[in-house]
Novice: 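Please read through the structure below; I'll follow up with questions.
Side chains are part of it too, since the values below use all heavy atoms of this structure and drop only hydrogens, waters and symmetry mates.
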Amino acid sequence: MAQKVNDIEDMRHRTRSVGVVELQGLNGQARVVNPEQLTDADAKLAATFGYQPVFKRQFGYLSTFSFAVSISGLFSTVATTFSYPLRAGGASSVVWSWVISGIGCLCIACSVSELVSAYPTCGGLYYTVSRLAPKKWVPSISWITGWLNLLGQIAGHASSEYGASQLLLAAVSMGSDFTYLPTKRTIIGVMVASTVLTGLVNSLSTYWMEKMTKTYVIFHIAVLISCSIALLVKCENRHDAKYVFTDVDATSGWTPVGLSWLFGFLSVSWTMTNYDATAHITEEISKPELKAPWAITSAMLLTYVGGFLFNIVLSFVMGDKSSILKSPMEQPVAQIFYNVLGKTGGIFYTVCAFLIIKFVTFTGMQSLGRTLFAFSRDRLVPFSSIWVQINPTTQTPLHAVWICVFCCIAVNLIGLGSYAAIVGVFATTAIALDWSYCIPIVCKMAFGRFEPGPWHMGRFSWWVNAYAVVWTLFASVIFILPTVKPISADTMNYAIAFLGAILLFSAVFWYIGGRKYYTGPMIEAEIDENASENTGNGSGSSREFSPGQERKNSNRGITA
């Protein structure tokens with residue numbers, strides 16, 4: 001920590017030696033400031049990472065932690081994915097797959113936190129490649145990392161919006177005593193309205209987003225605890241402990257049963273993913289090198305422990321497995337609420353699940369919009385000059401937010417044609433995002449260029465990093481297999497096709513145009529103090545360097 005404080009003071013001394021810093025944006029407008037006017041975080045962003053501070057740093061410890069917790073949406077995502085481990089291996093898969101897979105997810109989260117602490121920019125782990133890989137490889141590696149992360153986030157957000165519409169309509173169906181059952185068209189229609197609402201909420205300023213986010217974690221924990229207590233108290237025919245912890249009942253059609261049992265990992269990875277979402281708002285967090293990694297690790301630990309206990313509760317009270325899997329609502333956990341708590345209690349907690357997953361979409365879209373903004377800042381995506389624009393009223397990238405809203409709606413429209421296809425898109429989320437984390441982690445381990453931030457794992461770092469990578473490779477194989485046999489058009493797992501499409505798209509786009517103009521994330525703007533002395537006016541000059549070549553006449557970053 002002391003070293004980081006000294007580094008920031010060094011940056012301030014360096015900028016003071018030339019008097020002022022001129023910050024320039026993509027629109028060419030310049031702003032000359034005295035370095036003393038910048039916060040420590042903004043001074044580091046400008047002097048070390050070469051990016052213009054454009055966001056207000058409104059997020060503190062509680063709101064940053066709440067943001068990180070909201071990304072998992074534990075109560076809701078368990079509700080929408082409970083059928084996977086239940087069908088794959090019965091109650092034992094529900095409980096123990098969470099323990100096993102959760103350890104791997106925690107290792108990824110800790111590895112991500114270490115990198116975020118060292119390089120806190122809203123580019124997330126994509127940016128870290130510029131500091132971890134040899135310069136000649138940075139453009140190509142960061143290109144594939146960026147596209148995996150961006151498209152993985154889009155797929156993940158689309159899945160959350162789809163799940164939100166399913167939960168809301170499940171509550172409506174419950175209220176009608178199951179005389180009303182939603183159709184695919186209805187689910188898609190509600191999804192569109194839900195996604196537009198998410199866009200409207202994300203059109204607010206960072207100030208209001210922080211206020212709203214701060215309350216989420218309290219609401220979520222209150223719902224989780226009260227629901228667990230209510231289920232245990234009201235359930236009259238609970239399973240015994242032997243059934244909950246040892247029952248193996250695979251109905252997926254896969255043999256051996258052990259292989260089927262592994263499909264339960266999908267529920268955990270779907271819940272405990274998007275670890276770097278908090279990294280994408282680091283330019284809106286004060287002291288991000290400390291608060292962001294702390295929030296990521298503590299939020300994932302809370303999710304791990306809370307998810308394990310909640311799944312145990314559900315396994316005790318779920319009743320007959322086959323009947324809840326055949327629920328007319330197609331939502332097994334909502335059916336458990338109805339069976340145990342009655343119509344009123346069932347509707348109440350299903351609506352709570354809907355509200356929680358909507359919080360997931362609000363914070364997820366904030367992260368996704370900032371991701372697109374950061375990637376546009378480095379010209380990774382087409383039409384970057386549009387998505388990088390900051391609205392003068394909200395001080396947020398509204399163009400980036402709304403194109404992401406459109407993309408998520410477009411992805412979910414696949415559900416009109418095939419439910420199996422849309423599930424394949426959602427399954428791609430964990431694979432694409434985890435790969436986008438593991439590529440920088442491998443670079444960190446392979447090239448020895450990593451300079452730790454104030455949050456790091458010390459001697460345990462290499463081992464945790466290694467386990468995170470090995471686990472990701474293992475889990476990816478599981479996630480691309482069909483979860484049900486016999487395999488047909490309706491049961492096929494299309495995740496491998498969509499993942500292949502992402503990789504093919506990024507490769508083709510790279511060779512067609514990307515390699516001609518994209519030079520990787522900005523490394524830094526260096527102030528030439530000698531030039532300052534020669535000019536005699538104290539204003540100096542600057543050169544922005546990108547991996548492998550100098551960016552001349554750049555209108556991004558800082559100059560002096």
Side-chain angles (χ1 to χ4, degrees), residues 77 81 83-90 92-109 111-112 125 144-145 147-149 151-153 155-156 159 248 250-275 304 420-443 445-446 463-489 491-507:
T77 47
T81 61
S83 60
Y84 287 98
L86 193 61
R87 185 175 287 110
S92 66
S93 181
V94 170
V95 174
W96 296 115
S97 65
W98 195 275
V99 174
I100 298 169
S101 185
I103 293 174
C105 293
L106 281 175
C107 287
I108 302 173
S111 300
V112 167
L125 266 67
I144 187 65
T145 301
W147 279 108
L148 279 171
N149 187 270
L151 297 179
Q153 282 195 65
S159 70
V248 178
T251 57
S252 66
W254 276 93
T255 54
V257 173
L259 176 60
S260 175
W261 195 92
L262 298 179
F263 292 129
F265 294 156
L266 183 58
S267 175
V268 189
S269 291
W270 217 334
T271 303
M272 295 179 66
T273 190
N274 206 4
Y275 316 100
Y304 179 60
I422 196 67
V423 170
V425 173
F426 301 159
T428 306
T429 300
I431 303 174
L433 287 177
D434 287 354
W435 282 16
S436 75
Y437 308 146
C438 285
I439 292 173
I441 292 170
V442 170
C443 289
M445 298 170 66
W463 297 102
V464 173
N465 293 167
Y467 189 86
V469 173
V470 172
W471 171 257
T472 299
L473 292 174
F474 170 74
S476 296
V477 175
I478 301 298
F479 297 160
I480 63 176
L481 295 174
T483 57
V484 178
K485 292 184 70 176
I487 301 172
S488 65
T491 61
M492 177 63 186
N493 185 350
Y494 293 94
I496 185 65
F498 291 118
L499 184 63
I502 292 174
L503 296 174
L504 179 63
F505 167 79
S506 60

Novice: Applying side-chain contact (heavy atoms from CB on, under 4.5 Å), run through Val112 and Leu125 and close with a yes or a no.
Specialist: CA-CA 7 Å; Val112 167; Leu125 266 67; 3.6 Å; yes
Novice: I need the Ile478 CD1 to Leu266 CG distance, nearest 0.5 Å.
Specialist: 10.5 Å
Novice: Would you please test Thr429 and Leu433 for side-chain contact (heavy atoms from CB on, under 4.5 Å) and show each step?
Specialist: CA-CA 6 Å; Thr429 300; Leu433 287 177; 3.8 Å; yes
Novice: Are any of the side-chain heavy atoms of Tyr494 and Val423 separated by less than 4.5 Å?
Specialist: no
Novice: Once you round to the nearest 0.5 Å, how far does CG of Leu86 lie from OG1 of Thr251?
Specialist: 7.0 Å
Novice: Can you measure from OG1 (Thr472) to CD1 (Ile439) and round to the nearest 0.5 angstrom?
Specialist: 10.5 Å
Novice: Taking the side chain as every heavy atom from C-beta outward, state whether Trp261 and Ser92 have any atom pair closer than 4.5 Å.
Specialist: yes
Novice: At what distance, to the nearest 0.5 angstrom, does CG of Asn149 lie from CD1 of Ile144?
Specialist: 11.5 Å
Novice: For Trp435, does the CH2 atom have more than 12 heavy-atom neighbours from other residues, nucleotides or ligands under 6.0 Å away?
Specialist: no
Novice: Give me the one residue out of Trp471, Phe479, Tyr84 that meets ring-ring contact (aromatic ring centres under 6.0 Å, His included) with Phe265.
Specialist: Trp471
Novice: When rounded to the nearest 0.5 angstrom, what is the spacing between OH in Tyr437 and CD1 in Ile108?
Specialist: 9.0 Å
Novice: Cut-off 3.5 Å, no hydrogens considered: what does the side-chain donor-acceptor table look like for residues 94-105, sequence neighbours left out?
Specialist:
| from | atom 1 | to | atom 2 | distance (Å) |
| --- | --- | --- | --- | --- |
| Trp96 | NE1 | Phe245 | O | 2.8 |
| Ser97 | OG | Ser93 | O | 2.3 |
| Trp98 | NE1 | Tyr304 | O | 2.9 |

Novice: At their closest point, which heavy atom of Ile480 faces which heavy atom of Val477, and how far apart are they?
Specialist: CG1-O, 3.3 Å
Novice: Taking distance alone, no hydrogens or angles, what donor-acceptor pairs closer than 3.5 Å link side-chain atoms of residues 496-507 to residues at least two apart or in another chain?
Specialist:
| from | atom 1 | to | atom 2 | distance (Å) |
| --- | --- | --- | --- | --- |
| Ser506 | OG | Ile502 | O | 3.2 |
| Ser506 | OG | Leu503 | O | 2.9 |

Novice: Looking only at non-hydrogen atoms, find the nearest pair between Ser260 and Arg87 and report the distance.
Specialist: OG-O, 4.5 Å
Novice: State the OG-CE distance between Ser267 and Met272, to the nearest 0.5 angstrom.
Specialist: 11.0 Å
Novice: Keeping Thr428 on the side-chain end and Gly424 on the backbone end, is there a donor-acceptor pair under 3.5 Å?
Specialist: yes
Novice: Check the side chains of Asn465 and Ser111 for a donor-acceptor pair under 3.5 angstrom, ignoring hydrogens and angles.
Specialist: yes
Novice: Do you see a donor-acceptor pair shorter than 3.5 Å between the side chains of Thr77 and Trp270?
Specialist: no
